[in-house]
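Below you'll find the structure, written out as structure tokens, and then a few comments.
All chains are named by letter (A, B, ...) in the order of the sequence lines, taking the proteins before the strands, and each is independently numbered beginning at 1. Please read all numbers here as calculations on a predicted model, not as lab measurements.
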Amino acid sequence: MSLKRSLSTVGISGFALSALLVLTVLNIIIQNIPRNIQTAGGELLKLNEKDGVANAVTTVVVYFRGFDTLGEIAVLFIASLGVGLMLHVKCQKDIKRESNFMLQTASRYLFPVILLFGIYIMVYGHLSPGGGFQGGVVIASGVLLLLISHKKFEVPYSVIVTLETLAGVSYVFIGLIGLMVLDTFLGNFIPQDVSQMGMLISGGIIPVIYIIVGIKVGSEMSHIAQNLIQRADYV
Amino acid sequence: MSSVLFVALPLLFGFATPLLSRLGKDAVAYASVAMQLFLLCLSFYLLESVSLHVEIISIAPPLGISFVLNSVSLLFVTVFIFLTTLFSFYCLSHRETGSYENETKFLILLNMLLASSAGLVLSSDIFNIYVFFEIAGISAYILSAYRKTPSALEAGLKYLLTGAVASVFLVFAIVLIYLNIGSLNLAVIAQSFEALPFNVKLLISILLFIGFGFKVEIFPLNFWVTDVYQGSSSLVNALFSGIVAKAYLFVFFHIVYLFLPDGDFSAFLIYLGAVSMLVAEIAGLKQTNLKRLFAYSSLGQVALIFTAFALQNEDAVQGALFIVIAHSFAKLIIFLVLAFIEKEYESIHIDILKELNAPFLRAVLLIAMLSLLGIPLFAGFVGKLLVLKSLAVSGMLGVLVMIVIASLFEAVYYFKLAGYMFSKGERRGALHVGFIQKSVFALLVILLIVIGVAPFILSGFLGEASRVMLDSANYITVILGG
Amino acid sequence: MFDFFNQSEVIKTIVVLGSMALFFVGLFGLLTRKHIIRIFMSIAIMESSVFLLFIGLSFKSDFIAPIIDKTHKNIAIMNDPIPQAMILTAIVIAMAVLALGVSFAIEYYKLTGRTDIDEMKSLRY
Amino acid sequence: MIGFIILVTFASIAVVALSAIMQKKLADSIILFMGVGLGSVVLFFIFKAPDVALTEAVIGSGMSSLIFLMALKHLGERA
């Protein structure tokens, strides 16, 4: 990597000066951004009132731009596969140190609360802020707490794989069903009327997809965390 | 049969593989090849009746994401699927040695790479292009670091670092585009990109150039390419130079044609491409490691395609499409032969060619090199001829001279290699080339010769494809009007 | 005294200057730091600066979050949901790439004991 | 009042980020990096983007800190 330059004072001051210069230029350019341009967001909000859910961001993430989320899930899937490939350690019997008693009891009582909080965020993703990504990672942080505190605790790989695969396959199947029924990939084929806007069962496939995303993100994040922790402890 | 299947099916297969592998590794490998064959038939079926067709995903454009199916994007998708299918067939022949290419993880990454390069080529939404940019990137990082040797990991790290920096600049460009124009659909952006004040247009163009420049392997930003090629295995290099580089090249120029239809910065791009070809070929002269040498040759050919696309006229783009096809086939041959040599002889120094005792491989390698050089009877000739002709017509003699000199340098080190191959030195033990491997090489060589001898088969379709690619006004009306 | 800062012009200037300063701190770290983990940190800082710039410039302080419930029904005064949806995806992608990069660095350190980006010269013989 | 809070938060994030990069010990720079994560969560909250704030809190400062801490535990204290 021939990017490195020696850390002399000339280097720093040269960089600072050029940064200041470019900063002012950028400021002038970004400042005269037109304020009242008619962004696509406005139209989407109107469209959301008709066939979206209460949380407009969830509608955009899952339904209007659902293909980005499918790609996003693929990125996370490949990342957890890569971390597993790199850091998977076959034989690591009793390598983690036994943590003290207080941490164990505290984590044993905290885990159900965190799990419930994660499930709440995931399930109510289309009504209040939150959703699949955030709920999944909250659950993964709960699993992380157990991984740290309990020596013999380990999420069995078969559970992670089955959850991950079922969620991913069902997400693509929902897309294909939408393709068959409405001739648009990821179309919202479950009819839902606007009166149900604030209710839990509203928005057709949107909450279903977000719960699937949550399961997948949760299993993959705990897989990454588990690999990182086991590998680190195997020093 | 919609074009979304090109992305949805490999993703479905990738997601299902961890559970499928419980049935047995062979089942997964055969299922992957079967799925790729199905996609190949689908692409040929669509190739017959290709009309400008917009595939809506979840809601209609300009608010939603949509795939645009025209002859250019379908051509690239067909080439990608054809290359992946041949690659899978070649890997199938390694079944008995149980080497790593048949592990389920490798198959998942291969399919994800196919899905993301197809998505890159088909998508018409700039943030969707960024997502596929990341998927292709992240599967390429893992493929290059797959063998977990120190040099492979170093290659993976360098690839990941440059990829991450490139994606930061690309997100910065997308942010400025949305703030100034208010939409993410390429057609809407293209319409109002002209009306932007010049400094905003310049800033967005610079950020897009840096973002894509790393991946398009253009001169100032391609310092990392040869290290990655040298670190990762030759099989994976075949995928990189065949599929990944072409997908990024097409997306970059698809955006350039849409945003700057009257070619504002095209002079800069043309000279940059010519300079980067010259630098790559000169650097290739003194290489002793075969992988590094062919990495520089890939850089040179990609720079030639870059220059041809930057010329922005129909002849040049038709020539570029010819070179894309010829270069993909030739590089697949070269890197598969290199993988074979690396596996059997465990060394990829130049002198190993002296001891290569496999007349079939030597002949196949020779034909691939001749086609890359542009020798008349082979596929590379037609493309290079069209590009040089359009350069002469548009009066860019300086660039013409640069490209001819670069091709001469390339000829020097290719003939040096040919000399090594056919020198009289003592030979190592005879290499046994499997039947499937021989048929894959034979098919590729036949294609190179057929395109070289009778280019008129493709020139009609490629001419129409280049017209469609350059005709951005029609692209915009189809998306917005349609 | 504080209401001078509340005008939307001033807020936009603060956002632009702040996030660009963060961007150049990240770029500086990227170019001059040698330890591989610090380089990943600089890239993470650059990414978060671009995300802050985007949300900072596309929000209006007197508008409300784009969530419809019983009390907030008027969508005219709701912020634009698209930038939030994009940044939501971009944050998760950036974290995935970061996790992969750190696992590469850990594996590379296990094999060669090197963490300095300049020492990675083995590919240049 | 919002503008002033934004100014203070941005200034503190920039200072914390710069010191995170200039730190000698890796452990200190990781802890300061978590501070940058928290600061950006506060900013996203002020920018009326609750979804993004929750994501940044959970992923940006949650998982990234785990990843860097595990890297720190692994690569030891050198450099």
Side-chain angles (χ1 to χ4, degrees), chain C residues 1-8 10-11 14-15 17-19 21-22 25-26 28-29 32-38 40-42 44-45 48-49 51-52 55-56 58-61 63-67 79 81 83-85 87-88 91-92 94-95 98-99 101-103 105-106 109-110 115-116, chain D residues 1-23 26 29-30 32-34 36-37 39-41 43-76 78-79:
Chain C
M1 186 272 284
F2 289 131
D3 53 19
F4 161 72
F5 292 105
N6 286 348
Q7 302 137 11
S8 72
V10 174
I11 287 182
I14 296 170
V15 166
L17 288 180
S19 60
L22 213 56
V25 165
F28 173 76
T32 52
R33 288 301 95 180
K34 292 203 176 13
H35 194 284
I36 191 77
I37 297 298
R38 284 225 178 81
F40 282 129
M41 223 185 281
S42 322
I45 289 173
S48 57
S49 77
F51 298 155
L52 284 170
I55 302 280
S58 74
F59 106 104
K60 297 185 178 62
S61 45
F63 277 18
I64 58 172
I67 292 165
N79 272 320
Q84 298 180 13
I87 296 302
L88 211 132
I91 286 179
V92 181
M95 197 283 304
L98 184 87
V102 166
S103 66
I106 288 177
Y109 178 77
K110 289 310 279 176
T115 61
D116 189 331
Chain D
M1 192 50 193
I2 290 181
F4 188 69
I5 298 174
I6 294 174
L7 177 71
V8 166
T9 327
F10 255 119
S12 56
I13 288 182
V15 166
V16 166
L18 190 63
S19 66
I21 286 178
M22 306 296 277
Q23 280 300 329
L26 188 58
S29 46
I30 289 176
L32 288 169
F33 176 71
M34 292 181 207
V36 172
S40 55
V41 169
L43 272 173
F44 281 132
F45 186 72
I46 293 172
F47 289 156
K48 302 233 173 13
D51 274 282
V52 182
L54 190 56
T55 312
E56 175 68 21
V58 170
I59 291 176
S61 52
M63 281 304 279
S64 305
S65 322
L66 162 78
I67 290 163
F68 280 127
L69 280 177
M70 285 307 147
L72 169 71
K73 183 171 176 11
H74 220 300
L75 303 187
R78 251 180 355 88

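- Separating the CG atom in D/Leu32 from the CE atom in C/Met41 is a distance of 9.0 Å, to the nearest 0.5 Å.
- C/Ala105 and D/Leu75 get closest at one heavy-atom pair: O-CD2, 4.5 Å.
- Across C/Ile55, C/Val10, C/Val102, C/Ile36, the residue that shares the most heavy-atom pairs under 4.5 angstrom with chain D is C/Ile55.
- The CD1 atom of D/Ile6 sits 7.5 Å away from the OG atom of C/Ser61 when rounded to the nearest 0.5 Å.
- D/Ile30 touches chain C through backbone and side chain together, each having a heavy atom under 4.5 Å away.
- Neither the backbone nor the side chain of C/Ser103 has a heavy atom closer than 4.5 Å to any heavy atom of chain D.
- To the nearest 0.5 Å, atoms CG (D/Leu7) and CG (C/Leu17) are separated by 9.5 Å.
- Shortest non-hydrogen contact noted between D/Lys48 and C/Asn79 is CB-ND2, 3.3 Å.
- Proximity to chain C (any heavy atom under 4.5 Å) is shown, for D/Phe47, by both the backbone and the side chain.
- If you measure heavy-atom distances from C/Ile67 to chain D, the contacts under 4.5 Å come from the side chain alone.
- In this structure, CD1 in D/Ile21 is found 4.5 Å from CD1 in C/Ile45, a value given to the nearest 0.5 Å.
- C/Ile87 is not listed as a side-chain neighbour of D/Glu56, based on a closest heavy-atom distance of 4.5 Å or more.
- For C/Pro83, no part lies near chain D; criterion is any non-hydrogen pair under 4.5 Å.
- Contact of C/Ile37 with chain D is made through backbone and side chain together, with heavy-atom distances under 4.5 Å.
- The contact between C/Phe40 and chain D is made by backbone and side chain atoms together, counting heavy-atom distances below 4.5 Å.
- Note: C/Arg38 CZ to D/Gln23 CD = 7.5 Å, rounded to the nearest 0.5 Å.
- Looking only at side-chain heavy atoms (C-beta outward), C/Leu52 and D/Phe10 come within less than 4.5 Å of each other.
- Only the side chain of C/Ile11 comes within contact range of chain D, with at least one heavy atom under 4.5 Å from a heavy atom of that chain.
- Considering CE of D/Met22 and CZ of C/Arg33, their distance stands at 5.5 Å, rounded to 0.5 Å.
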